[in-house]
J.: 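For reference, the structure I am asking about is given below.
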Amino acid sequence: MDIRGYIERAVRELGAEVPFVELEVPRVAEHGDLSTPVAMVLAGRLRRPPREIAEEMASMLRAESPFERVDVAGPGFINFTFRRGFLYEGLRNLLGDPARCLRRDLGGGQKVQVEFVSANPTGPLHLGHGRGAAVGAALSNLLARAGYEVEREFYINDAGRQVRLLGESIFARYKELLGVACRFPEEGYRGGYVVEIARQLLGEAGDRFRDAGFEGEAAEYFVRFGVGRMLGVMKEDLGGFGVEFDRWQSEKALYDEGLVRRCLDELREKGMLYEREGALWFRATEFGDDKDRVVIKSDGSHTYFASDIAYHWYKIQRGFDELIDVWGADHHGYVPRIKAVIRALGHPEERLSVLLVQIVTLLRGGKPVQMSKRSGEFVTLREVTEEVGADTTKFIFLTRSHDSHLEFDIETAKKESSENPVYYVQYAYARINSIFRKARQQGVEPGGAVDLGCLKEEAEAGLIKKLLFYPLMFEGAVRAREPHRVTFYLQELAGLFHPYYNTHRVLGLDPSLTLARLALCEAVKRVLEEGLSILGVTLPERM
RNA sequence: GCGCCUGUAGCUCAGCAGGACAGAGCAACUGACUUCUAAUCAGUGGGUCGGGGGUUCGAAUCCUCCCAGGCGCGCCA
């Protein structure tokens with residue numbers, strides 16, 4: 001359906017132009033199936049009364065085939081009511097080629113990289129990482145269905161102080177296991193997993209580091225071993241959560257392969273670095289940041305920012321048209337400086353967008369769960385996945401806008417499991433499958449020459465319209481980079497299907513009616529599949 | 001002190017590029033399982049959209065001030 005096209009044509013015939021024809025599904029049935037306020041937008045531009053414009057457009061649009069009625073109402077809304085035949089045609093198209101009907105090429109093959117999670121490999125993933133994972137993965141899926149070529153990347157902070165501290169913590173535990181006295185590093189990681197890694201290391205390396213200090217080869221070994229293990233754990237946890245990446249970029253590799261050096265050289269040549277007080281600074285203030293930033297400290301070591309500059313430089317070199325960084329909102333202060341980098345490198349800052357995912361407050365039975373990474377007391381993503389389930393957890397994350405603070409109560413998420421929204425949607429899918437199983441048992445073969453005209457019920461028209469409006473939601477979600485809109489749509493669709501299921505039978509009716517209803521069920525199933533797969537939520541054949 | 005995010009029903013949250021009478025789920029209360037799965041359905045009640053100004057034909061949405069909560073403001077990562 002291209003209702004928007006008809007309206008745009010009418011706008012052009014008025015000799016006007018509008019950046020975007022807004023379409024909305026009216027809340028009230030009397031306002032038709034679809035509505036546009038475009039005449040009111042045009043009123044200002046054309047200096048004419050909105051209702052007059054609306055009337056003129058309506059009379060043009062009435063000639064178009066999809067519409068049963070085109071009415072002007074209120075201050076200048078144009079309300080459309082579809083012909084049944086238009087709905088049937090749309091349903092038929094949807095069944096004929098679901099992917100073509102449900103996906104839209106909005107990206108035109110542009111290359112987009114979505115970087116998300118990127119947690120320090122110094123401890124297990126916590127629930128906040130899970131939110132980033134759910135959002136990043138869903139956004140990637142969404143864009144991939146919108147004609148973007150998407151790469152999902154995890155950036156590994158395996159250089160610098162934090163991983164060194166991890167190695168040192170493992171080192172201390174290793175010595176303890178060998179019964180050798182060793183001071184535990186002041187800011188070391190005290191979680192039990194560190195002891196576990198030390199035990200594994202002992203199994204592999206034996207006691208050959210018994211008398212070593214934490215330096216040179218020993219330090220390197222402990223760090224590499226620890227990072228390797230932590231990465232393994234994180235990959236496992238993400239796998240258990242149902243999130244996969246296309247690529248893992250090591251920060252250390254950026255140094256080892258000389259990318260940091262080359263990038264800094266380039267900035268230096270452009271005059272964007274300067275020395276002061278023994279350190280090397282980036283002129284961030286010239287690109288909108290409020291302070292200049294150190295890239296090489298006076299002790300000669302690089303800041304985290306140095307490799308981050310190189311990382312983004314490298315991303316752009318790899319040919320991405322757009323970069324999306326999904327960050328925890330606690331890093332928001334970092335946005336201006338990384339945007340400054342993009343501009344300093346000679347690119348429009350829109351090339352990078354940073355999606356800030358707000359903090360998750362973890363509750364158990366209404367009480368906040370204290371978390372501290374240092375002490376090692378925190379609830380991990382793995383624990384929540386096991387206790388609550390990946391589908392429920394993802395669905396909760398994706399039922400909120402990414403920038404809204406989120407309270408996640410483990411008890412509630414579990415307790416409500418039987419009435420959890422995710423099951424509501426999945427159950428609709430399972431019920432449809434059940435119908436098809438039953439149909440096969442009865443020897444009813446779906447498909448073939450179906451007379452969709454048998455679908456005369458209001459509930460059926462409502463369902464078909466909802467299906468045909470999927471692209472409207474989809475385009476909005478892509479444009480706004482908001483996967484949670486998909487979640488809400490799916491709940492609404494399931495909310496139409498369940499009552500329909502309860503009041504209308506599918507099987508055992510007049511054969512042509514049964515076939516038509518099976519076709520409708522098939523279409524609902526396809527859309528549920530499409531939507532849930534964007535969210536990364538599984539599709540149960542039965543429940 | 002400065003900056004960013006948030007404030008909508010008892011609770012958790014939507015509200016799509018400013019549009020028509022503000023929505024959903026949960027919780028509460030009434031009802032519906034010999035019929036394709038009751039993880040469902042039908043119904044009832046529930047709101048000064050934090051507050052004040054402003055822009056507009058029209059504001060939960062944009063601007064501004066104030067209040068409340070969260071998060072940031074390192075030669076840490």
Side-chain angles (χ1 to χ4, degrees), chain A residues 19-28 30-31 35-37 40-41 43-44 49-50 73-77 79 120 122 157 159-163 165 187 276-281 290-291 293-299 301-305 308 328-336 356 358-359 361 366 396 399-401 403-409 412 416-424 426-428 430-439 441-442 472-473 475-477 479-480 482 484-485 487-488 491-492 494-495 497-503 505-508 514 517 521 542-543:
Chain A
F20 176 79
V21 171
E22 196 180 333
L23 289 176
E24 53 190 53
V25 180
R27 272 193 296 273
V28 191
E30 293 80 65
H31 294 153
S35 175
T36 180
M40 291 179 285
V41 177
F77 290 98
N79 297 335
N120 275 346
T122 53
N157 298 123
R161 194 178 117 83
Q162 296 307 316
V163 289
L165 241 116
E187 292 176 77
R276 191 178 78 200
E277 295 159 11
L280 189 66
W281 298 70
D290 34 326
K291 288 175 192 162
R293 307 290 175 177
V294 171
V295 290
I296 299 180
K297 297 181 250 179
S298 50
D299 68 358
S301 65
H302 292 80
T303 60
Y304 172 87
F305 185 45
D308 230 20
D330 51 341
H331 290 81
H332 72 261
Y334 207 75
V335 176
L356 295 172
Q358 281 296 339
I359 308 294
T361 307
I396 289 173
T399 314
R400 274 106 173 132
S401 149
D403 62 359
S404 113
H405 300 255
L406 162 59
E407 292 198 352
F408 190 100
D409 192 315
T412 311
E416 290 180 355
S417 68
S418 63
E419 286 152 32
N420 214 298
V422 70
Y423 297 112
Y424 186 77
Q426 287 180 319
Y427 188 46
R431 274 182 150 175
I432 293 172
N433 281 301
S434 174
I435 295 173
F436 281 108
R437 274 195 300 274
K438 201 83 176 184
Q441 281 170 23
Q442 296 179 2
L472 224 52
M473 175 284 297
E475 286 173 20
R479 175 182 40 73
E482 288 180 353
H484 74 274
R485 297 192 194 189
T487 318
F488 281 88
Q491 293 188 72
E492 289 161 10
F497 178 76
H498 285 303
Y500 175 67
Y501 177 93
N502 265 42
T503 44
R505 292 193 57 77
V506 174
L507 302 177
T514 285
R517 289 189 172 170
C521 288
R542 59 181 82 219
M543 289 174 72

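Proteins come first, then strands; the chains are lettered A, B, ... in the order of their sequence lines, and each starts at number 1.
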J.: Whole Å only: how far is the CD1 atom of A:Ile396 from the P atom of B:C13?
T.: 10 Å

J.: Taking only the side-chain heavy atoms of A:Ser35 (C-beta and beyond), determine which of B:A20, B:C16, B:A39 contains the nearest atom.
T.: B:A20

J.: Please list, chain by chain and in numerical order, all residues satisfying ring-ring contact (aromatic ring centres under 6.0 Å, His included) with A:Tyr427, sequence neighbours excluded.
T.: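 ring-ring contact (aromatic ring centres under 6.0 Å, His included) check on A:Tyr427 returns A:His498.
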
J.: Checking base pairs now: Watson-Crick or wobble, both atom distances under 3.5 Å. What partners B:G25?
T.: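 Check on B:G25: paired to B:C11, both distances under 3.5 Å.
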
J.: Specify the residue among A:Ile435 and A:Pro37 whose closest nucleotide of RNA chain B lies further upstream toward the 5′ end.
T.: A:Pro37

J.: Does any nucleotide pair with B:G72 by Watson-Crick or G-U wobble geometry, both distances under 3.5 Å, and what is it?
T.: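 Paired with B:C2.
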
J.: What's the closest nucleotide to the A:Arg505 side chain, out of B:A14, B:A20, B:U35?
T.: B:U35

J.: Determine the Euclidean distance between corresponding P atoms of B:A24 and B:G69; express it in Å to zero decimal places.
T.: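 Result for the P pair: 32 Å, nearest Å.
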
J.: Going by salt bridge (Lys or Arg N to Asp or Glu O under 4.0 Å), name the residues that satisfy it together with A:Arg161, two or more places apart in sequence or in a different chain.
T.: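 Testing A:Arg161 for salt bridge (Lys or Arg N to Asp or Glu O under 4.0 Å), a comparison that skips the adjacent residues, returns A:Glu187.
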
J.: Between B:C2 atom P and A:Lys291 atom NZ, what is the distance in whole Å?
T.: 15 Å

J.: Could you work out, with side chain to side chain donor-acceptor pair (under 3.5 Å) as the rule, every residue matching A:Thr503, not counting sequence neighbours?
T.: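 If we apply the side chain to side chain donor-acceptor pair (under 3.5 Å) test to A:Thr503, skipping adjacent residues, there are no hits.
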
J.: Quote, to the nearest angstrom, the P distance that separates B:C5 from B:A14.
T.: 15 Å

J.: Choosing from B:C36, B:G15, B:U40, which nucleotide comes nearest the side chain of A:Glu482?
T.: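 Side chain of A:Glu482 sits closest to B:G15.
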
J.: Any heavy-atom pair between the side chains of A:Leu507 and A:Ile435 that's under 4.5 Å?
T.: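 Side chain of A:Ile435 against side chain of A:Leu507, heavy atoms only: contact under 4.5 Å found.
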
J.: Looking at B:C41, B:C36, B:A20, which one has an atom nearest to any side-chain atom of A:Tyr501?
T.: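 Selected nucleotide: B:C36.
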
J.: Which of the following nucleotides, B:C71, B:G74, B:G25, is nearest to the side chain of A:Pro421?
T.: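 My answer, after comparing the listed nucleotides, is B:G25.
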
J.: Heavy atoms from C-beta onward define the side chain here; which of B:G3, B:C36, B:C21 lies closest to that of A:Val506?
T.: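 Ranking B:G3, B:C36, B:C21 by closest atom to the A:Val506 side chain puts B:C36 first.
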
J.: Can you list the residues that meet the side chain to side chain donor-acceptor pair (under 3.5 Å) rule with A:Glu482, with sequence neighbours excluded?
T.: A:Arg485

J.: Considering residues at least two apart in sequence or located in another chain, which fulfil the side-chain contact (heavy atoms from CB on, under 4.5 Å) criterion with A:Thr412?
T.: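 A:Thr412 satisfies side-chain contact (heavy atoms from CB on, under 4.5 Å) with A:Asp409, A:Glu416 only.
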
J.: Would you classify A:Ala480 as touching base, sugar-phosphate or nothing, given that sugar-phosphate means primed atoms plus P, OP1 and OP2, and contacts are heavy atoms under 4.0 Å?
T.: nothing

J.: Suppose you measure atom C1' in B:A59 against the same atom in B:U48; what distance do you get, rounded to whole Å?
T.: 15 Å

J.: In whole Å, what separates the P atom of B:U61 from that of B:G50?
T.: 8 Å

J.: Determine: side-chain N/O of A:Arg27 to OP1/OP2 of B:A22, distance under 4.0 Å, yes or no.
T.: no

J.: Contact class for A:His498 vs. all strands (heavy atom < 4.0 Å): base, sugar-phosphate, or nothing?
T.: sugar-phosphate

J.: CD of A:Gln358 versus C1' of B:G7: gap in Å, rounded?
T.: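 Whole-Å distance recorded here is 13 Å.
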
J.: So which nucleotide from B:G70, B:U40, B:A20 ends up closest to the side chain of A:His405?
T.: B:G70

J.: Any base atoms under 4.0 Å from A:Ala430, or only sugar-phosphate, or nothing? Heavy atoms, all strands.
T.: base

J.: Could you work out the separation of B:U40 and B:U35 based on their C1' atoms and round it to a whole Å?
T.: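 After rounding to an integer number of Å, I get 15 Å for this pair.
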
J.: Who passes side-chain contact (heavy atoms from CB on, under 4.5 Å) against A:His302, sequence neighbours left out?
T.: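 In terms of side-chain contact (heavy atoms from CB on, under 4.5 Å), with neighbours along the sequence ignored, A:His302 is linked to A:Tyr255, A:Val260, A:Leu264, A:Ile296, A:Ala306.
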
J.: Considering only side-chain heavy atoms of A:Tyr424, which listed nucleotide, B:C4, B:C36, B:C41, is closest?
T.: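 Closest nucleotide among those given: B:C41.
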
J.: Between protein and nucleotides 56-62 of chain B, map the contacts as a letter string: B base, S sugar-phosphate only, - none, heavy atoms under 4.0 Å, written 5' to 3'.
T.: -B-----

J.: Which nucleotide in the set B:C41, B:C4, B:C13 lies at the smallest distance from any side-chain heavy atom of A:Leu406?
T.: B:C13

J.: Check salt bridge (Lys or Arg N to Asp or Glu O under 4.0 Å) between A:Arg293 and all other residues, then give those that pass, not counting sequence neighbours.
T.: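 By the salt bridge (Lys or Arg N to Asp or Glu O under 4.0 Å) rule, A:Arg293 matches A:Asp289.
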
J.: With a 4.5 Å heavy-atom cut-off, do A:Thr399 and A:Gln491 have their side chains touching?
T.: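 Answer yes - side chains close enough.
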
J.: Calculate the interatomic distance between A:Met473 atom CE and B:A14 atom C1'; express it in whole Å.
T.: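 Going from A:Met473 (CE) to B:A14 (C1'), I get 14 Å.
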
J.: If you measure from the C1' atom in B:A42 to the same atom in B:C67, how many Å do you get, rounded?
T.: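 Each nucleotide's C1' atom is 44 Å from the other's.
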
J.: Among B:C41, B:A14, B:C16, which is the nearest nucleotide to the side chain of A:Arg479?
T.: B:C16

J.: Show each protein N/O and nucleotides 75-77 of chain B N/O combination with a separation under 3.5 Å, one pair to a line.
T.:
residue: B:C75; atom: O2; partner: A:Ser298; partner atom: N; Å: 2.8
residue: B:C75; atom: O2; partner: A:Ser298; partner atom: OG; Å: 2.9
residue: B:C75; atom: N3; partner: A:Ser298; partner atom: OG; Å: 3.3
residue: B:C75; atom: N4; partner: A:Glu277; partner atom: O; Å: 3.0
residue: B:C75; atom: N4; partner: A:Glu277; partner atom: OE1; Å: 3.3
residue: B:C76; atom: OP2; partner: A:Lys297; partner atom: NZ; Å: 2.8
residue: B:A77; atom: OP2; partner: A:Tyr304; partner atom: N; Å: 3.0
residue: B:A77; atom: O2'; partner: A:Asn120; partner atom: ND2; Å: 3.0

J.: Please determine whether the number of non-hydrogen atoms from other residues, nucleotides or ligands lying under 6.0 Å from atom CZ of A:Arg542 exceeds 12.
T.: no

J.: Could you check A:Glu22 against A:Val41 for side-chain contact (heavy atoms from CB on, under 4.5 Å), going step by step and ending with a plain yes or no?
T.: CA-CA 10 Å; A:Glu22 196 180 333; A:Val41 177; 5.5 Å; no

J.: Across all strands, who's sitting opposite B:A59 as a Watson-Crick or G-U wobble pair, both distances under 3.5 Å?
T.: none

J.: Distance check, C1' atoms only: B:G15 and B:G7, in whole angstrom units.
T.: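 B:G15 and B:G7 have their C1' atoms separated by 15 Å.
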
J.: Can you tell me the Watson-Crick or wobble partner of B:G31, both distances under 3.5 angstrom?
T.: B:C41

J.: Students often get this wrong, so: under 4.0 angstrom with heavy atoms, is A:Asn433 touching a base, only sugar-phosphate, or nothing?
T.: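 Here A:Asn433 touches no strand at all.
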
J.: Describe the nucleic acid contact of A:Tyr427 in one word from base, sugar-phosphate, nothing, applying a heavy-atom distance below 4.0 Å.
T.: base

J.: Tell me: CZ of A:Arg485 to C1' of B:A24, nearest whole Å?
T.: 16 Å

J.: Without decimals, in angstroms, what is the distance between A:Asp403 CG and B:G72 P?
T.: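 Between P of B:G72 and CG of A:Asp403: 17 Å.
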
J.: For A:Val28, report the nucleic acid contact type (base, sugar-phosphate, nothing); a contact means any heavy atom under 4.0 Å.
T.: base

J.: Mind checking whether A:Thr122 and A:Val163 have side chains closer than 4.5 Å, heavy atoms only?
T.: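 Side chain of A:Thr122 against side chain of A:Val163, heavy atoms only: contact under 4.5 Å found.
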
J.: When you compare B:A28 with B:G72, how far apart are their P atoms, in angstrom units rounded to a whole number?
T.: 37 Å

J.: Rounded to whole Å, please give me the gap between CZ in A:Phe488 and P in B:C16.
T.: 12 Å

J.: Whether the side chain of A:Arg517 engages the backbone of A:Arg505 through a donor-acceptor N/O pair (distance < 3.5 Å, no angle test) should be reported.
T.: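 Yes, the answer is positive, given that a donor and an acceptor are paired below the 3.5 Å cut-off.
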
J.: With syn defined as a glycosidic angle within 90° of 0 and anti as everything else, classify B:C29.
T.: anti

J.: For the pair made of CG in A:Asn420 and C1' in B:C13, what is the distance, rounded to whole Å?
T.: 13 Å

